[in-house]
Structures are given as C-alpha cells and as structure tokens.
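Only this structure's heavy atoms are used, side chains among them; waters, hydrogens and symmetry mates stay out. Residue numbers count from 1 along this sequence. Note that the coordinates shown come from a computational prediction; the quantities given were computed from them, not determined experimentally.
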Amino acid sequence: MPLKPFASFLVFILAGIVLCETLQAQDGTASGQNSDQEQAGSKKINIVYGGNFTKDENLRPGASIFSRDSRQVQFEHQGADLWCDYALLYQKENRLEAIGNVRLVQGDSVTMTSGYVEYDGDLKLAKSYQKVVLRNQNSTLTTDTLFLDREKQEAYYQHQGKIVDSANTLTSRVGRYFMTTKKYQFQDSVRIVNPEYVMESTRLDYYTLSKNAYMYGPTLITGDSYTMYFERGYYDTNIEQGYGIKNTEIHYNNRIIEGDSVYFDKATEFASATNNITVTDTLNNGVIRAHYAEVHKAQDSVFATRRALSISLVEQDSLYMHGDTLMVTGKPEARILRAFRDARFYKTDLSGKADSIHFEQATGITQLIKRPVMWNLENQMTGDSIYLLSDMETEKLDSLKVIGNAFIISEDTTGYRGYNQAKGKDLFGKFRENELRLVDLVGNTEVVYFMYTDDQELFGINKIACSKIRLLLEQSDIDQITYITQPDGTIYPEAELPEEQRVLEGFIWRGDERIRSVDDLFGEDDNNIVLPEIRGLTESIDRDAEPEEEPNDPVKGKATPAPQLMKRGGNNE
C-alpha cells in the first residue's frame with residue numbers, strides 16, 4: 001500500500017522526462033540542431049498543446065501519444081496549425097497521425113476538416129480521410145479522401161469530389177486545387193450545376209475568383225434556351241459567355257451553328273462563328289455555309305459573308321444561293337433571305353444572277369434586282385427586274401415576271417445560225433414541273449425565230465412585231481407562237497436577212513456568265529480567300545493564367561471574338 005503513491009509519482013516523473021525530451025528535441029531543431037534535416041529543408045512538427053500524453057512501444061513503437069482533455073490537441077508546422085482529438089507523433093520520422101475532428105488551418109486562406117489525417121513534416125504532405133472539407137475564401141471542397149501538398153500549395157482527390165462557390169456547384173471524379181492561382185483542375189465526369197445551365201465535360205479548369213472555365217475535352221453546356229458542344233474552349237460561368245474552337249456546335253433559336261471557332265453571349269442574344277461555318281435552320285431545313293456568320297436571336301436573323309452560300313430544299317432538289325453577303329431575317333414561318341453584291345443562285349434546271357436577290361418565304365416571291373439574268377434550261381431571260389413566284393402549297397415554281405425591257409433568248413440549237421429572240425415591255429411566264437412552258441410578252445413585242453422543216457432544214461427566219469405575243473415552249477424550244485393584235489412582219493429566206501438584222505435592239509447574250517454548277521456560284525475572290533488562324537488549338541487559351549494576352553480572342557488578329565461527349569439531339573429552345 002505505501003508503494004502505490006510512490007509508483008504513481010514515478011510514472012508521472014517518467015512521463016515528464018519523456019515530454020521534456022520531446023520539447024527539447026523541438027527546441028534543438030528550432031535552435032540549429034539536427035542540421036542535416038534543416039539543410040534538407042525540413043523542420044520538426046511542434047507540439048502547441050499536448051493534452052494527455054502517453055507512450056506504448058508495444059502498440060505504437062516510436063510514437064508519442066496525445067489525446068484531448070478539456071481542449072483538443074494542437075500542433076504547428078511551418079505556418080500551419082492542426083487540431084485533433086487524438087494524435088500519434090513520430091518524432092524521428094517527423095510524421096503525425098491525427099484522429100477525430102481534425103482541423104488544419106494554413107494562415108487565413110485554407111481550412112481543412114476531416115476524420116483522419118496523416119501528415120509528413122518532411123514532405124509537407126497531408127493525407128486526409130473521412131468526410132474531408134477544404135475551405136478557402138471563395139469555395140468549399142468536399143470529398144472522402146484528399147491529398148494536401150503544402151510544399152506545392154496543391155490539393156487533389158481521385159475518388160469523387162464536390163466544389164461549391166457563390167455561383168456554381170462542381171463535381172468530378174478526379175480533381176486538383178492550386179491554392180496560389182485559386183484554380184481547380186477537373187478530370188473525368190466533370191459537371192457544373194448553375195441555376196441557369198448545366199455543364200458536363202471530361203477535362204475542365206475553373207478559377208474561383210473569375211468564375212472562368214477552360215475546357216480541354218468533350219463538353220456540353222445545356223441552358224434554358226441553348227445547348228453548346230465543343231472539345232476545346234472557354235466559358236465565363238457568371239454571364240454565360242464563351243467560345244469553342246474544336247468541333248463546336250450550338251443549338252440556338254431553332255438553328256444549329258457549327259464552325260472552327262464559335263462564340264456565344266447569352267446576355268446580348270448573340271452568336272458568331274469563324275471558318276468553315278454551317279448554320280442550319282431546323283424548322284425550314286435551310287442551311288447557310290460561310291467563313292464568317294452572326295446570329296442575332298432578338299432579331300431572329302443570320303448574317304453571313306466570306307464565300308457565303310445558302311442551301312434550301314425545293315422539290316427534292318437543292319437550291320443554292322450565293323452573294324458577298326447573305327442575310328436571313330424573320331420568324332420561321334416568314335423568313336426573308338437577301339443576297340447582296342454579285343448575287344447568284346443555282347438549281348439543276350434553273351439559275352440566275354443579279355446585283356442582289358430577295359426571297360420572301362411568306363409569299364414565295366424571289367426578286368432579282370439590278371441587271372438580272374436567269375436561265376431555265378436553254379432559255380436566257382433578262383429585264384430591269386425579275387420575279388419568280390412559287391406555289392406555297394406544292395413548293396414548286398409557279399410563274400415568272402420580267403418587268404421592263406423583257407428579253408427571252410435561246411441559241412438556235414438546230415442549225416446553229418444564231419439566236420431565237422423575243423422581247424417586249426414586260427414578260428409573264430408559267431412553269432410546269434419547274435420548266436417554263438408558256439410565255440406572254442406584252443408591249444412593243446418583237447420576235448426573231450429560226451424555222452425548220454420536219455427534216456431539220458431551215459426554210460426561213462421569222463421576224464415580226466406586234467402588241468402581244470404568246471410562246472408555247474417544249475424542252476426550252478419554241479413549239480408554237482401566237483401573235484395577238486396587229487402582227488407586222490414576215491418570214492425571210494436566210495439569204496435575204498442580213499446578220500445585223502437577225503438580232504433585236506437591246507440584244508445581249510450572256511451565255512458566258514451562265515451558272516452550270518455550284519462551283520460557278522463563286523468568283524475569283526471567293527476561291528482565293530485566306531482564312532484567319534484560329535488561336536488556342538495548340539497553345540494555351542487560359543487568359544487567367546496569362547493576363548498579358550489579348551482578351552480571349554480565338555481568331556488571331558481580330559480585336560473581338562468572332563466567336564461533338566454527348567452529341568445532343570435537337571434544339572433546346
């Protein structure tokens with residue numbers, strides 16, 4: 001019995017000696033001892049508050065064991081403080097195991113909580129487990145396992161994590177946080193949930209200060225009025241503005257926009273694209289191709305230039321239209337298509353050109369304006385202005401109007417002696433199965449027509465004038481002529497009608513301008529366009545990391561942005 005107090009006192013003295021040795025070791029490190037370790041850049045983990053102390057060499061060899069009393073155990077290491085309920089400190093290895101309600105604080109910038117931490121003082125590496133939460137001034141990261149590298153100022157996880165900041169909730173299977181730049185780098189099953197949209201990607205960098213995201217893999221953004229897919233690009237998650245520069249596609253306002261570089265801004269309801277562009281009208285099955293295009297949602301309009309081409313389906317045949325500039329405006333049921341400056345169109349049985357072309361879907365009227373010319377099969381038609389009218393129910397060509405100085409000309413394909421011609425003030429024609437079959441010429445009409453026998457022998461040249469003429473055509477040849485109201489003329493033998501009298505006044509043959517294929521729609525300037533270089537395909541697109549760069553323009557040399565994971569289905573309007 002008398003020995004018990006003495007034994008207790010002995011245990012207390014031994015514990016005190018061990019604790020003193022621990023503190024002396026720490027002091028020795030701080031005062032220059034263990035110089036080998038200092039030269040290697042490591043410093044010992046310091047005990048700030050030890051609570052209850054013990055050692056158990058059988059169970060925990062080499063470990064000093066600390067447990068909380070009325071307050072948690074606390075340690076410090078090179079600017080970071082750690083609190084926990086229970087700790088194992090391996091002084092020789094400069095290693096700590098913290099257990100229970102662990103909290104690690106680095107300055108005023110980072111706080112990490114978890115159930116368990118393994119901390120290596122030499123490597124300044126913490127491995128955290130069990131409901132890990134990493135907080136900084138701008139975001140909160142939660143995961144089950146987190147590695148915190150204080151030497152590199154990085155944290156990373158490999159088994160699913162979630163980040164929440166003032167704007168977004170982000171999740172991914174693998175992630176890394178760079179504390180200095182306040183940047184997250186996500187890989188594998190990346191997802192951003194914002195009240196206005198959802199973003200999914202395979203590889204994404206995200207800055208918590210600017211809320212800018214940079215994608216380096218297949219990415220799909222689904223908003224309330226758009227979807228955007230690309231495989232490399234940038235997005236400001238605050239204002240829903242960005243661009244894609246690889247396999248980019250936007251579904252926007254009943255249109256699909258594709259191009260080498262596509263820019264989108266929700267606030268201004270604007271999208272643009274540069275190089276190898278396709279804009280598809282999903283309601284009217286129309287397509288515009290160009291090397292620069294803009295889409296304005298509020299005006300329901302498309303502007304396209306640089307080898308611009310419109311393609312629409314007419315009776316299972318494509319109608320192609322080209323101009324220096326194309327504009328499409330109006331609601332889907334009332335689209336208006338305009339082609340400006342050297343406008344041209346081509347269909348297998350119909351082609352034409354003018355200074356500008358105007359097509360109105362609601363009325364089915366196509367107007368060729370200023371020096372127009374049109375070809376239907378072998379017939380050339382010219383006038384001051386030309387109007388084509390389509391049947392809106394059948395979508396077939398219905399009729400033709402040539403107003404002012406109307407002329408219809410075709411080569412004499414039988415004897416090749418000249419040109420069949422008819423002219424008048426105005427011309428009115430009717431189509432059947434897209435072939436011009438009936439023509440009425442009114443007002444000071446004249447005709448020159450080469451007439452052949454059934455054996456294809458020329459028996460005369462018919463030259464006549466009257467107030468109105470009706471022509472019936474068959475496969476572009478004049479099959480029948482009806483002269484209405486006081487015809488005046490005759491049929492001349494070939495030898496009696498000089499060459500200069502075989503053409504009517506105002507005759508101009510423009511056969512060398514005829515458009516016989518889609519390629520003929522384009523001029524020399526169109527075919528010699530040099531496309532701008534799209535930046536960012538090989539070099540960095542990260543303007544947060546490189547603030548000296550111009551503001552995020554993917555098109556080299558442009559001052560403002562011009563602006564397939566999960567191929568989406570259809571428009572998201």
Side-chain angles (χ1 to χ4, degrees), residues 138-139 163 165 167-168 170 172 175-178 181-187 190-194 196-223 226-252 257-277 292-295 532-566 568:
N138 307 106
S139 64
I163 292 87
D165 64 15
N168 303 299
L170 305 93
S172 69
R176 183 178 294 268
Y177 175 57
F178 300 87
T181 57
K182 305 292 190 297
K183 179 179 82 170
Y184 283 98
Q185 189 174 87
F186 301 107
Q187 296 183 47
V190 186
R191 183 179 175 88
I192 296 180
V193 177
N194 182 283
E196 303 298 326
Y197 60 89
V198 173
M199 181 187 299
E200 299 168 275
S201 182
T202 59
R203 164 76 166 80
L204 182 150
D205 289 0
Y206 178 78
Y207 287 86
T208 60
L209 293 178
S210 65
K211 306 296 188 295
N212 289 334
Y214 299 88
M215 283 63 70
Y216 301 93
T219 301
L220 178 66
I221 305 172
T222 304
Y226 68 95
T227 61
M228 184 175 182
Y229 174 87
F230 52 86
E231 294 176 9
R232 189 176 180 91
Y234 154 82
Y235 205 69
D236 185 327
T237 67
N238 266 327
I239 59 175
E240 295 181 75
Q241 178 193 86
Y243 64 78
I245 54 175
K246 184 178 180 182
N247 294 331
T248 305
E249 181 176 309
I250 298 178
H251 290 242
Y252 185 53
I257 309 161
E258 302 169 82
D260 290 355
S261 171
V262 181
Y263 170 85
F264 173 76
D265 184 358
K266 182 182 178 182
T268 59
E269 299 185 314
F270 173 81
S272 66
T274 301
N275 293 1
N276 301 305
I277 301 153
Y292 180 76
E294 296 179 356
V295 176
E533 179 185 349
I534 304 300
R535 296 171 54 188
L537 291 173
T538 55
E539 67 270 26
S540 173
I541 60 174
D542 191 336
R543 70 177 184 182
D544 287 76
E546 301 171 343
E548 71 278 2
E549 291 281 333
E550 289 186 10
N552 224 18
D553 178 10
V555 183
K556 196 170 187 177
K558 294 180 70 66
T560 55
Q564 285 169 337
L565 204 107
M566 329 115 190
R568 58 302 80 199

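Residue R232 comes nearest to E539 through the heavy atom pair NH2-O, 3.1 Å, listed as atom of the first residue, atom of the second, then distance. The minimum heavy-atom distance linking A293 with I277 is given by the pair N-CD1, 3.4 Å. The heavy-atom pair separating M215 from I541 by the smallest distance is O-CD1, 4.4 Å. For the residue pair S261 and I245, the shortest heavy atom distance occurs at OG-CG2, 3.9 Å. When all heavy atoms are compared, the tightest approach of I250 to M228 is CG1-CG, 3.6 Å. Smallest separation of non-hydrogen atoms from S201 and G217: OG-O, 4.1 Å.
Defined by atom type and a distance below 3.5 Å, a donor-acceptor pair is missing between the side-chain atoms of D165 and N138. Side-chain contact, E240 with Y226: a donor N or O sits under 3.5 Å from an acceptor N or O.
Ring geometry for Y243 versus Y234: interplanar angle of 30 to 60°, hence tilted.
Without hydrogens or angle criteria, D260 side chain to K246 main chain gives no donor-acceptor distance under 3.5 Å. Here the side chain of Y252 pairs no donor or acceptor atom with the backbone of V295 at under 3.5 angstrom. Using modelled atom types, no side-chain atom of T237 and backbone atom of Y235 make a donor-acceptor pair closer than 3.5 Å.
Among residues two or more places apart in sequence or in another chain, the side-chain contact (heavy atoms from CB on, under 4.5 Å) test is passed with N238 by A167, K211, D236. For Y207, the side-chain hydrogen bond (donor to acceptor under 3.5 Å, both in side chains) partners at least two apart in sequence or on another chain are D542. Shown here are the side-chain contact (heavy atoms from CB on, under 4.5 Å) partners of E294, two or more places apart in sequence or in another chain: F270, S272, Y292, H296, F303.
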Requested in this report: Please step through ring pair (Phe, Tyr, Trp, His ring centres under 6.0 Å) for the pair Y184 and Y206, ending with a clear verdict.
Outcome: CA-CA 5 Å; Y184 283 98; Y206 178 78; 7.1 Å; no
Report task. List the steps, then state whether side chain to side chain contact (heavy atoms under 4.5 Å, CB included) holds for M199 with L220. Result -> CA-CA 6 Å; M199 181 187 299; L220 178 66; over 6 Å; no
Requested in this report: Could you check K183 against D544 for side chain to side chain contact (heavy atoms under 4.5 Å, CB included), going step by step and ending with a plain yes or no?
Outcome: CA-CA 9 Å; K183 179 179 82 170; D544 287 76; over 6 Å; no
Query - Derivation and outcome, side chain to side chain contact (heavy atoms under 4.5 Å, CB included), residues F264 and T248 - result: CA-CA 11 Å; F264 173 76; T248 305; over 6 Å; no
Requested in this report: Show the numbers, then the answer: is there a side chain to side chain contact (heavy atoms under 4.5 Å, CB included) between R543 and N212?
Outcome: CA-CA 9 Å; R543 70 177 184 182; N212 289 334; 3.8 Å; yes
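For Y214 and Y216, the ring centers are positioned 6.0 Å apart or more.
Within the 4.5 Å cutoff, no side-chain heavy atoms of V190 are placed close to those of L170. Put simply, the side chain of F178 reaches to within 4.5 Å of the side chain of Q185, judged on heavy atoms. In this structure, the side chains of Y177 and K182 come closer than 4.5 Å at one or more pairs of heavy atoms.
From Q187, atom CD reaches atom CG of L204 across 10.5 Å, with rounding to the nearest 0.5 Å.
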